[in-house]
Amino acid sequence: MTTTLKYKSQSIAKLYFIAAIGLFIGQILFGTILGLQYVIGDFLFPEIPFNVARMVHTNLLIVWLLFGFMGAAYFLVPEESERELYAPWLAKLMFWVFLVAGALTILGYLLVPYAQLAELTMNDLLPTMGREFLEQPTITKIGIVIVALSFLFNIGMTVLTGRKTVVTLVLLTGLLGLALMFLFAFYNPDNLVKDKFFWWFVVHLWVEGVWELILASIMAFVLIKVTGVDREVIEKWLYIIVAMSLITGLIGTGHHFFWIGPPGYWQWWGSIFSAMEPIPFFMMVLFAFNMINRRRREHPNKPAVLWAMGTAVMAFLGGGVWGFMHTLAPVNYYTHGTQITAAHGHMAFYGAYVMIVLTIISYAMPLMRGREANNPRSQALEMWSFWLMTVSMVFITLFLTAAGVLQTYLQRYTDTPLPFMVVQDKIAIFYWMREVAGVVFLIGLIVYVWSFFAKDVSTVGNTTTASAP
Ligand code: HEM
Ligand code: HEM
Ligand SMILES: [Fe+2]
């Protein structure tokens, strides 16, 4: 079998990508359960209560994205650094540690009541549980730190002892920031204002700060590979995008400080700086389309190019447009914590981080399976899955936005505001439609997985080309 990998240790990424896709399937299964519970309140009760399903849905999302980022790093860093990974064995070991820790945590959520899980894992020694996205038992959080440190050491040593490129330095900075910000998950003050304040250091400074660096560097790597455009051009874009992300995103954290107790000046700082956050996302669109228009080659991997363009557009729509919609304090005063927030959360997470991970998987997976691109049938299926998932996510977002606008109006804006649950009943139709779109999303995901196994009908039987493992 011929291999198209430049460095052997890049193939470790395959493990990480397979785990990522597996957990992605779990995330979406729980998403559709949640969506159904929105309209049939006691569906699966008491076996899987809504709060548990929600925790599983969001935690799986974060964990599979982290698997995806790590896989991306293990794939692209050796190639950029022009050397093998510093310690391939450590990367393999940490894969299993992370997978087992993740699986045990999810099982813990599903099998044991949350309060009992807290007791079992001795949360009272160092209480960190009970906050959205950071529900993991303290022991899991410590595991995450160990995995992150080993990972950073491995990637850092590879980068520092090899060829240094802008792509790897930006990626390393992003990954370092990701680990540093996570440390705030261990700070759990009794004062609720402080608690919320620092909770956003993890949540906001991840997705609107350091993760943007990871996104931009993976995007730059894939664009260099599929377009053949000079690295120097791509690096200039990368510098500006990174600078703009940090300038707007750091102080932009203030858009979460409007109503939780910090000083009132945050309404100004938060509004002004976060209103500029769409700029780097818009630049990413210009960047991707510009590079693809200036391409020097037609890369045979069409889905990878499609995912890259899709990421730029959808990240801008979900983060930039849907983010801007509710980021000014006078607007957020009414929309805070409504379905508008959920609409934005879905499209932004999908458009930016789900799609960039699927982009690098799309580019790297064929190479790790010994070919530059998949057979035409597999590519066609993958592009079908792109459209099924992306269009249904657009619909999920639109239905939730409609629900959110009505909710905001009926519950908070009219002269005769209605109670929360009364309003929920009135907008149930949109939750039904969201559920339908969610099922289509799941079908898109099944088609995606199928594309990995599809043999080319025209070459079936021709074992030399069609079925490299
Ligand atoms: C890809 C990047 C982004 C992702 C993944 C993302 C994700 C999220 C999520 C999940 C939430 C809900 C958090 C919670 O309360 O549980 C949220 C809230 C929020 N996001 Fe983003 N976001 C992104 C970018 C942006 C941008 C660029 C803006 C502004 C232009 C923005 C503005 C907001 C605002 C104002 C809220 C608070 C909503 C409320 O008050 O309920 N986001 N975001
Ligand atoms: C890759 C696709 C998806 C991503 C990235 C995603 C992301 C998220 C995020 C970030 C949250 C927390 C929202 C917030 O705090 O504002 C959430 C909650 C939720 N998601 Fe998803 N999700 C996806 C797919 C789905 C699907 C297909 C469905 C089902 C139809 C679904 C249904 C839900 C529900 C019902 C909640 C709970 C909302 C609430 O608490 O009111 N999600 N999801
Ligand atoms: Fe934010």
Side-chain angles (χ1 to χ4, degrees), residues 24 27-39 50-51 53-55 57-62 64-65 131-133 196 199-200 203-209 211-212 215 245 248-249 252-260 270-271 273-282 284 311 314-329 331-358 389-390 392-393 395-397 399-400 403-404 424 431-445:
F24 182 19
Q27 184 223 332
I28 299 307
L29 282 175
F30 277 87
T32 52
I33 292 176
L34 278 172
L36 203 52
Q37 289 178 334
Y38 243 84
V39 282
F50 178 84
N51 64 315
R54 190 188 199 283
M55 193 158 66
H57 178 62
T58 53
N59 282 232
L60 279 175
L61 169 69
I62 304 298
W64 86 257
L65 291 178
R131 292 170 297 171
E132 192 198 358
F133 298 118
K196 270 288 177 187
W199 178 79
W200 284 111
V203 177
H204 170 101
L205 290 179
W206 266 11
V207 299
E208 290 157 73
W211 284 27
E212 278 181 70
L215 164 61
S245 302
T248 60
T253 322
H255 66 182
H256 301 294
F257 298 161
F258 298 158
W259 329 115
I260 63 168
S271 295
F273 277 82
S274 72
M276 294 188 292
E277 282 183 34
I279 298 171
F281 285 102
F282 186 64
M284 197 100 69
T311 304
M314 294 297 291
F316 171 65
L317 283 179
V321 178
W322 256 263
F324 182 79
M325 222 152 78
H326 58 162
T327 207
L328 299 174
V331 177
N332 192 265
Y333 179 73
Y334 293 103
T335 61
H336 181 57
T338 62
Q339 294 297 328
I340 305 265
T341 308
H344 157 67
H346 275 85
M347 196 188 247
F349 254 114
Y350 174 76
Y353 301 115
V354 168
M355 289 183 86
I356 194 63
V357 169
L358 297 185
M389 288 194 276
T390 304
S392 51
M393 186 47 78
F395 276 102
I396 289 177
T397 308
F399 295 144
L400 290 180
Q424 291 301 307
Y431 295 140
W432 276 110
M433 295 197 283
R434 181 262 304 269
E435 180 64 358
V436 173
V439 171
V440 178
F441 190 100
L442 180 61
I443 295 170
L445 180 54

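Counting starts at 1 for both ligands and their atoms, in listed order.
Atom 4 (C) of ligand 2 has Q27 NE2, 3.3 Å as its closest protein atom, hydrogens excluded (heavy atom only). Shortest contact from atom 11 (C) of ligand 2 to any protein heavy atom: T58 CG2, 3.8 Å. Of all protein heavy atoms, the one closest to atom 32 (C) of ligand 2 is G31 O, 3.5 Å. Protein heavy atom closest to atom 14 (C) of ligand 2, with residue, atom name and distance, is R54 NH2, 3.6 Å. Of the protein's heavy atoms, H346 CE1, 3.3 Å lies nearest to atom 17 (C) of ligand 2. The protein atom (non-hydrogen) at minimum distance from atom 27 (C) of ligand 2 is G438 CA, 3.8 Å. At the top of the distance list for atom 39 (C) of ligand 2, counting protein heavy atoms only, stands Y38 OH, 3.5 Å. Considering only non-hydrogen protein atoms, atom 15 (O) of ligand 2 sits nearest to E132 OE2, 2.9 Å.
Within H57, the N/O/S atom positioned nearest atom 21 (Fe) of ligand 2 carries the name NE2. The Fe ion (ligand 3) sits nearest to atom OE2 when only the N, O or S atoms of E208 are considered.
For Y353, the heavy-atom gap to ligand 2 stays at 4.0 angstrom or more. Heavy-atom distances between W259 and ligand 1 stay at or above 4.0 Å for every pair. Heavy atoms of Q37 come nearer than 4.0 angstrom to ligand 2 in no pair at all.
Within the 4.0 Å heavy-atom criterion, the part of F281 lying near ligand 1 is the side chain and not the backbone. The part of H256 lying near ligand 1 is the side chain, judged by heavy-atom distances below 4.0 Å. Counting heavy atoms closer than 4.0 Å to ligand 1, residue N332 contributes side-chain atoms (C-beta onward) but none from N, CA, C or O. Contacts between M389 and ligand 2 below 4.0 angstrom, taking non-hydrogen atoms only, are absent altogether. In F50, the part holding a heavy atom less than 4.0 Å from any atom of ligand 2 is the side chain. At a heavy-atom cutoff of 4.0 Å, ligand 1 is contacted by both the backbone and the side chain of V207. At a heavy-atom distance under 4.0 Å, no atom of W211 approaches ligand 1. Residue F316 does not touch ligand 1, judged by heavy-atom distances below 4.0 Å. With a 4.0 Å heavy-atom cut-off, ligand 1 is reached by the backbone of H336 and by its side chain too.
Annotation for ligand 2: atoms under 4.0 Å from non-hydrogen atoms of F24 are 1 (C). Within the listing of ligand 1, atoms 13 (C), 14 (C), 15 (O) sit less than 4.0 angstrom from a heavy atom of W200. Close approach to G323 involves these atoms of ligand 1, each under 4.0 Å from a residue heavy atom: 28 (C), 29 (C), 30 (C), 31 (C), 32 (C). In summary, the atoms of ligand 2 found under 4.0 Å from a heavy atom of F349, numbered by their order in the structure, are 5 (C), 10 (C). Residue contact check: E435 has heavy atoms under 4.0 Å from atoms 30 (C) of ligand 2. Numbered from 1 in the order shown, with element, the atoms of ligand 1 that lie under 4.0 Å from a heavy atom of A352 read 1 (C). For ligand 1, the atoms lying closer than 4.0 Å to a non-hydrogen atom of F324 are 29 (C), 30 (C). Near T32, with a cut-off below 4.0 Å to any heavy atom, the atoms of ligand 2 are 29 (C). Atoms of ligand 1 lying under 4.0 Å from any heavy atom of F133, numbered from 1 in the order shown and given with element: 16 (O).
Ring geometry, H256 versus W200: the interplanar angle falls under 30°, so the pair is classed parallel (tilted spans 30 to 60°). In this pair, Y38 and F50 present their aromatic rings perpendicular. The plane angle is above 60°, beyond the 30 to 60° band.
Checked by atom type, the side-chain pair Q339/H344 shows no donor-acceptor distance below 3.5 Å.
Looking at Y350 next to ligand 2, no N or O pair under 3.5 Å apart turns up. Polar contact check, G337 against ligand 1: a nitrogen or oxygen pair lies under 3.5 Å apart.
In this structure, F441 has its ring center closer than 6.0 angstrom to the ring center of Y350.
At a threshold of 2.8 Å, the Fe ion (ligand 3) has no backbone or side-chain N, O or S atom of E277 nearer than that distance.
Both the sub-6.0 Å distance and the 45° axial angle are not jointly satisfied by R434 relative to the ring of F395.
No side-chain heavy atom of F258 sits less than 4.5 Å from a side-chain heavy atom of H336.
Which of S245, P280, S274, A275 comes nearest to atom 30 (C) of ligand 1 through a heavy atom is settled by distance: it is S274. Around atom 31 (C) of ligand 1, the closest heavy atom drawn from Q339, H204, E277, H255 belongs to H255.
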